Structures are given as C-alpha cells and as structure tokens.
Amino acid sequence: MAKIKLTKNEQKAQKDALKMYERYLPTLTLKKQQLQSEIRTIDEKAKSVRAEKQALEEDFQKWISVFGEKEAFKPGMVTVKNIKKGWGNIAGVKIPIYEGADFGRGDYDLYSTPLWIDMAADRMEKELELDLEAEVLDEQVRLLSQELRTTTQRVNLFEKVKIPETKRNIKKIGVFLGDEQVAAVVRSKISKKKLQAASEQEEELDETPKAKGKGAKK
C-alpha cells in the first residue's frame, strides 16, 4: 500500500475516491450478473443447436441407408460460399449474430446419380447451417466470458481492495488529525496559562514599588 499524506487535502481526496468506488461498484456488479445470465442462455442455445444437428445427422444416415447407395452422396457436393453475420451488443460487448449462409452445390451428373441426391444435399445444407450457427454462438460466449473476467476482476478490486483500503486511509487520517487537534488545544491552554502567569507576575512587580513608597511616608 502506498504511503498516504496525513493532511486534510488527502482526507478529502480519499473521501472522493471512496464515493467514486461506491458509485461504480453496483453498476459493475449488475453488469457481472447480466453477463453471467447471458452466457448461460447462449451456452444453452448452442447445446440445443448442436443437439438438433446431431439428431438431423443420425436421421440423415438412416435415411440414406434406406436407398442402399451411401457412396453416391459425398460431403463435397455441398460447400459454404458465404457466411452472413450481423452485430449485436450485450452489456457493452460487441458480438456477432448468425444471419444465414450461402451454399454451393458440387457438379454431378443428373443422369448417373440417384434422384434423392438433391434432397440429401438440402439436408446437408441444414446440418452445415446448424454447425455455423453453433460456432457463432461459441464466439459470443468467448467474447462475453472475456468481458466477464475483466468485470469480475474490477468488482473484486473495488470490493475487496480499494473500498476497504480507502476506508482505512480515511480513518487513519481522521485519527491523526483528531490527535493533532487535541494536541493543539492542549498547547493553546498551556500557552494561555503561561501568558496568564507571566501577566500576573508583571502585575506583582508593578505593585511592589508602590507598597514600598507607602511604607517610607509613615
């Protein structure tokens, strides 16, 4: 802890700092709670999207097996050409938002491939789209988690370090200034007594010659 000056100016500076910490702490705490809530919500949504994709993939495999021509469909027949993203804001954090994707179809001979290939490609697009959406949700969680770590550090800094430290400083300065004030009062009283004693002594000295003069007349 840095050494503080035991002065009234420093006391005011410490009190101003305490007001600032106590003003910002509730805002930071609220932001922390909001980030925690949003991260849980988005994480659950990502799990739901992946579960949907898993179910679709399992259904897709069963669907293809019915035709007995699994080797006819190759994953390369569907490609991602462009991912569409927008931007949102949560608790001051800029996050990407999935808005869809453009897909391309590989070249294949319409006469030599089974008729169900086009339907299989549609299903594959849906799977890829769910994958892309989950990835964007993961990125949202990553960005919000990063901000949550920073916000939590600030909350802990204010709550556990700055506010208690500032209160101790204010108390320390207050005790010192109080002692100084008491000492000043004591010094003032001692000085006053000394002045009064000196004044009384001067008065006694002034009266002594008069007393001697009266004695001589008699």
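Remember, it's a predicted structure, so these values are computed and weren't measured experimentally. Just the heavy atoms: all of them, side chains too, but no hydrogens, waters or symmetry mates, feed the values below.
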Strictly distance-based, threshold 3.5 Å: is any side-chain N or O of Q140 a donor or acceptor partner for the main-chain N or O of P96?
yes
Nearest non-hydrogen partners of Q14 and I170, listed with the distance
CB-CG1, 3.6 Å
Expected output: side-chain T41 to main-chain S37 donor-acceptor under 3.5 Å
yes
Go through it in stages, so that I can follow the logic: the residues are E125 and E129, the test is side chain to side chain contact (heavy atoms under 4.5 Å, CB included), and I'd like the CA-CA distance, side-chain angles, deciding distance and then a yes or no.
CA-CA 6 Å; E125 281 186 11; E129 193 161 29; over 6 Å; no
Are there over 12 heavy-atom neighbours, none belonging to K53, within less than 6.0 Å of that residue's NZ?
yes
Given E127 and D131, is the side chain to side chain contact (heavy atoms under 4.5 Å, CB included) satisfied, shown in steps?
CA-CA 6 Å; E127 279 190 43; D131 259 343; 5.9 Å; no
Is there a side chain to side chain contact (heavy atoms under 4.5 Å, CB included) between R50 and D138? Walk through the geometry before answering.
CA-CA 11 Å; R50 285 197 167 90; D138 287 345; 2.4 Å; yes
Starting at OG1 of T152, measure out to NZ of K32 and round the result to the nearest 0.5 Å.
4.5 Å
Residue pair L6 / L177: nearest heavy atoms and the distance that separates them:
O-CD2, 4.0 Å
What's the separation between atom CG in L35 and atom CG in L148, rounded to the nearest 0.5 Å?
5.5 Å
Taking the side chain as everything from C-beta on, heavy atoms only, tell me whether R105 gets closer than 4.5 Å to D122.
yes
Below 4.5 Å, heavy atoms only, C-beta onward: do L18 and I163 meet side chain to side chain?
yes
Return the CG to CZ distance between L128 and F103, rounded to the nearest 0.5 Å.
5.5 Å
Does the side chain of K126 come within less than 4.5 Å of E52's, by heavy atoms?
yes
Testing the basics here: between I173 and T7, what is the closest heavy-atom pair and its distance to 0.1 Å?
CG2-O, 3.5 Å
Roughly how far, to the nearest 0.5 Å, is CD of Q11 from CD1 of I4?
9.5 Å
If you take all heavy atoms of L130 and L56, which pair is closest and at what distance?
CD1-CD2, 4.2 Å
Looking only at non-hydrogen atoms, find the nearest pair between K31 and A91 and report the distance.
CE-O, 3.2 Å
Identify the two heavy atoms, one from V141 and one from D43, that lie closest to each other, and give their separation to 0.1 Å.
CG2-N, 4.1 Å
Is there a path of hydrophobic side-chain contacts, each under 4.5 Å between heavy atoms, that joins V80 and Y98?
yes
Please examine the side chains of N169 and E165, heavy atoms only from C-beta on, and report whether any two atoms are closer than 4.5 Å.
yes
Within-4.5 Å side-chain heavy-atom neighbours: Q36 and I39:
no
Between the OH atom in Y21 and the CG atom in L28, the distance rounded to the nearest 0.5 Å is 12.5 Å
Can V136 and I97 be said to form a side chain to side chain contact (heavy atoms under 4.5 Å, CB included), step by step?
CA-CA 7 Å; V136 173; I97 297 175; 5.7 Å; no
Side chains of R123 and D59 in contact at under 4.5 Å (non-hydrogen atoms):
yes
Please answer: with hydrophobic residues joined when any side-chain heavy atoms are less than 4.5 Å apart, are L30 and L25 in the same cluster?
no
Going only through I, L, V, M, F, W and Y residues with side-chain contacts under 4.5 Å, is there a path from L132 to V78?
yes
With rounding to the nearest 0.5 angstrom, report the CD1 to CD1 distance, I42 to I95.
5.0 Å
Do the side chains of D179 and V175 get nearer than 4.5 Å, heavy atoms only?
yes
